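No experiment lies behind these values; they were computed from the predicted model shown.
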Amino acid sequence: MEQKFDCLNFALIGAAGYIAPRHMKAIKETGNNLVAALDPYDGVGIMDSYFPNANFFIEPERFDRHLDKLSRLSKSNDTHGNRKVDYVSICSPNYMHDSHIRLALRNDAFAICEKPIVLNPWNLDALQEIEKETGKKVYTILQVRLHPAIKNLREKVLNGTSDNIYNVDLTYITSRGKWYYRSWKGNIEKSGGIATNIGIHFFDLLTWIFGEVNENKVHVLQPEKAGGILHLKRANVRWFLSLDYDDIPVSIREKGKRTFRSLTVENEEIEFSDGFTDLHTESYRQLIAGNGFGMQEARESVKIAQEIRNATPIGMKGDYHPFLKTIRR
């Protein structure tokens, strides 16, 4: 009979990344243990605040071997206290997600992958086959779906008149320095570009609330900014994404802020800035309880972002986001 443990074992890939501390915090706050972590960069002192006793690896081959050893020992009668890893949390660069998910499943663990789960929708098809082969599930972090304001908006739409088409404007400007363009994030083949890097959250919540895409038009597509319109089942969404500090409204810059986030539905602002970045722990609680978001939930947003980065912009035609009026072409 398989022994049940109150405390689950986690491993983490991408421990030095920007998002990794939120995963460490979520593992800690859900009462679980991080036993191993991987990152080619060894400046991961943040781990001491959460799991100072976790084994750390800078080479993926040794990390993989360690997980395999724990899995094999856990099946033997002489474990010496060693237990397999139950979940592998993946915070690595976007283009590595696919291979790191495979690594997790091969080692008899569930995968928890940051957004974007993969760069192309067809990558999900192959991963679904591996899910079937291994019996392990792939989860992704769609934490914005758990925000009370977003949940309330979805309920309002679902309970509203079925033929009502909402007018929605999405604006997200989060300025980045020169380092960004020298890193993997500035390489479209590795990051998926601006639509994937910073837009994936919003494309997910928009389709979750307003339904599937009927038409996806791109007006402007540049390395540092993009804009277009999504005709969804229940909404027409004008969207604008930017990494350019100069695109932030002056009133916001005067407050010393470098990020501007706005979602309006029928000219009514939906405020969800507070708590936007603090929902990872709740995401972990949900998925550990069996209520996490799987690959199918992520498919639509992956498809949207992939289509945008491969689109031919149509320019300022039709109904476009008002911020695009100031774009130099």
Are Glu307 and Lys303 within salt-bridge range, i.e. N to O under 4.0 Å? yes

Interatomic spacing from NZ in Lys69 to CG in Asp64 - rounded to 0.5 Å: 13.0 Å

Taking the six-membered ring of Tyr181, is the NZ or CZ of Arg176 close enough (under 6.0 Å from the centre) and on axis enough (within 45°)? no

Does the pair Arg285/Glu282 count as a salt bridge with the N-to-O cut at 4.0 Å? yes

Nearest atoms (heavy-atom pairs only) where Arg145 meets Lys151: O-CG, 3.0 Å

Is any side-chain heavy atom of Val144 closer than 4.5 Å to one of Asp204? no

Asn310 side chain to Gln306 backbone, donor-acceptor under 3.5 Å: yes

Is a donor from one side chain sitting under 3.5 angstrom from an acceptor on the other, for Tyr284 and Ser89? yes

Look at Lys233 together with Asp163 and state whether they make a salt bridge at an N to O cut-off of under 4.0 Å. no

Test His321 against Leu324 for side-chain contact (heavy atoms from CB on, under 4.5 Å), laying out the working first. CA-CA 6 Å; His321 194 288; Leu324 291 178; 4.2 Å; yes

Please check: side-chain N/O of Thr30 versus main-chain N/O of Ala26, any donor-acceptor pairing under 3.5 Å? yes

Are the side chain of Asn33 and the backbone of Asn9 linked by a donor-acceptor contact shorter than 3.5 Å? no

Between CG of Asn164 and CZ of Arg234, what distance do you get to the nearest 0.5 Å? 6.5 Å

Ring centroid separation for Tyr172 and Trp239, is it under 6.0 angstrom? no

Examine the side chains of Glu114 and His97 and answer whether a donor and an acceptor come within less than 3.5 Å of each other. no

Starting from the C-alpha separation in whole Å, work towards a yes-or-no answer on side-chain contact (heavy atoms from CB on, under 4.5 Å) for Val302 and Asn123. CA-CA 10 Å; Val302 170; Asn123 299 140; over 6 Å; no

Output for pair (Phe57 CZ, Ile13 CD1), nearest 0.5 Å, gives 11.5 Å

Keeping the roles fixed (side chain from Ser191, backbone from Lys185), state whether a donor-acceptor pair exists under 3.5 Å. yes

For the residue pair Ala20 and Leu12, what are the closest heavy atoms and their distance? CB-CD2, 4.2 Å

Looking at Glu297 and Gly294, would you say the former's side chain and the latter's main chain have a donor-acceptor pair under 3.5 Å? yes

Is a side-chain donor-acceptor pair under 3.5 Å present for Asn197 with Tyr180? yes

Does the ring of Tyr50 carry Lys25 above it, NZ/CZ under 6.0 angstrom from centre and within 45° of its axis? no

Shortest non-hydrogen contact between Ala311 and Leu221, atoms and distance: O-CD2, 3.9 Å

Minimum side-chain heavy-atom gap Leu38-Phe56 below 4.5 Å: no

CD1-OH distance between Ile90 and Tyr139, expressed to the nearest 0.5 angstrom: 13.5 Å

Please say which of Ile304, Leu232, Val213 ends up in a side-chain contact (heavy atoms from CB on, under 4.5 Å) with Leu206. Leu232

Quick check against the 3.5 Å criterion: does Glu269 have a side-chain atom that pairs as donor or acceptor with the backbone of Ser262? no

Approximate separation, where rounding is to 0.5 Å, of Ile19 CD1 and Lys115 NZ: 7.0 Å

Distance-only side-chain donor-acceptor flag, Asn236 / Asp319, under 3.5 Å: no

Check: Asn167 main-chain N/O paired with Glu266 side-chain donor or acceptor under 3.5 Å: yes

When you look at Glu129 and Lys132, which way does the salt bridge (charged side-chain N to carboxylate O under 4.0 Å, His left out) test go after all the steps? CA-CA 5 Å; Glu129 290 299 314; Lys132 293 176 185 177; 3.7 Å; yes

Minimum heavy-atom distance between Val85 and Ala11, given as atom pair plus value: CG1-N, 3.7 Å

Please determine, by modelled atom types, if Glu29 and Thr281 share a side-chain donor-acceptor pair under 3.5 angstrom. yes

Just checking, is any N or O donor in the side chain of Ser175 or Arg258 under 3.5 Å from an acceptor N or O on the other one? yes

Can a cation-pi geometry be assigned to Lys257 and Phe260, taking NZ or CZ under 6.0 Å from the six-membered ring centre and within 45° of the ring axis? no

Is it the case that the ring center of His23 lies less than 6.0 angstrom away from the ring center of His280? yes

Indicate whether the side chain of Asn214 and that of His231 have a donor and an acceptor atom separated by less than 3.5 Å. no

Could you tell me whether a side-chain N or O of Lys84 sits under 3.5 Å from a main-chain N or O of Asp108, the two making a donor and an acceptor? yes

How long is the gap from CD on Gln222 to OG on Ser242, to the nearest 0.5 Å? 9.0 Å

Arg309 and Thr196 side chains, donor-acceptor separation under 3.5 Å: yes

N/O donor-acceptor pair under 3.5 Å between Thr140 side chain and Cys113 backbone: yes

Closest non-hydrogen contact found for Leu146 with Ser283 is CD1-OG, 3.5 Å

Answer yes or no: is there a donor N or O on one side and an acceptor on the other, between the side chain of Asn55 and the main chain of Ala36, under 3.5 Å? no

Could you check if a side-chain atom of Phe293 sits within less than 4.5 angstrom of a side-chain atom of Ile141, using non-hydrogen atoms only? no

Would you confirm whether the ring centroid of Tyr166 sits within less than 6.0 angstrom of the ring centroid of Phe210? yes

Would the number of heavy atoms belonging to other residues, nucleotides or ligands and lying under 6.0 Å from CD of Gln128 be above 12? yes

Would Arg299 and Asp125 satisfy salt bridge (charged side-chain N to carboxylate O under 4.0 Å, His left out), going step by step from the backbone distance to the final call? CA-CA 10 Å; Arg299 182 181 290 272; Asp125 299 330; 2.9 Å; yes

Side-chain contact, heavy-atom cut-off 4.5 Å: Asn94 with Leu119? yes

Regarding Arg253 and the six-membered ring of Tyr245, is the cationic atom NZ or CZ under 6.0 Å from the ring centre and inside 45° of its axis? yes

Which atoms form the tightest heavy-atom contact between Ala104 and Val88, and what is the distance? CB-CB, 3.6 Å

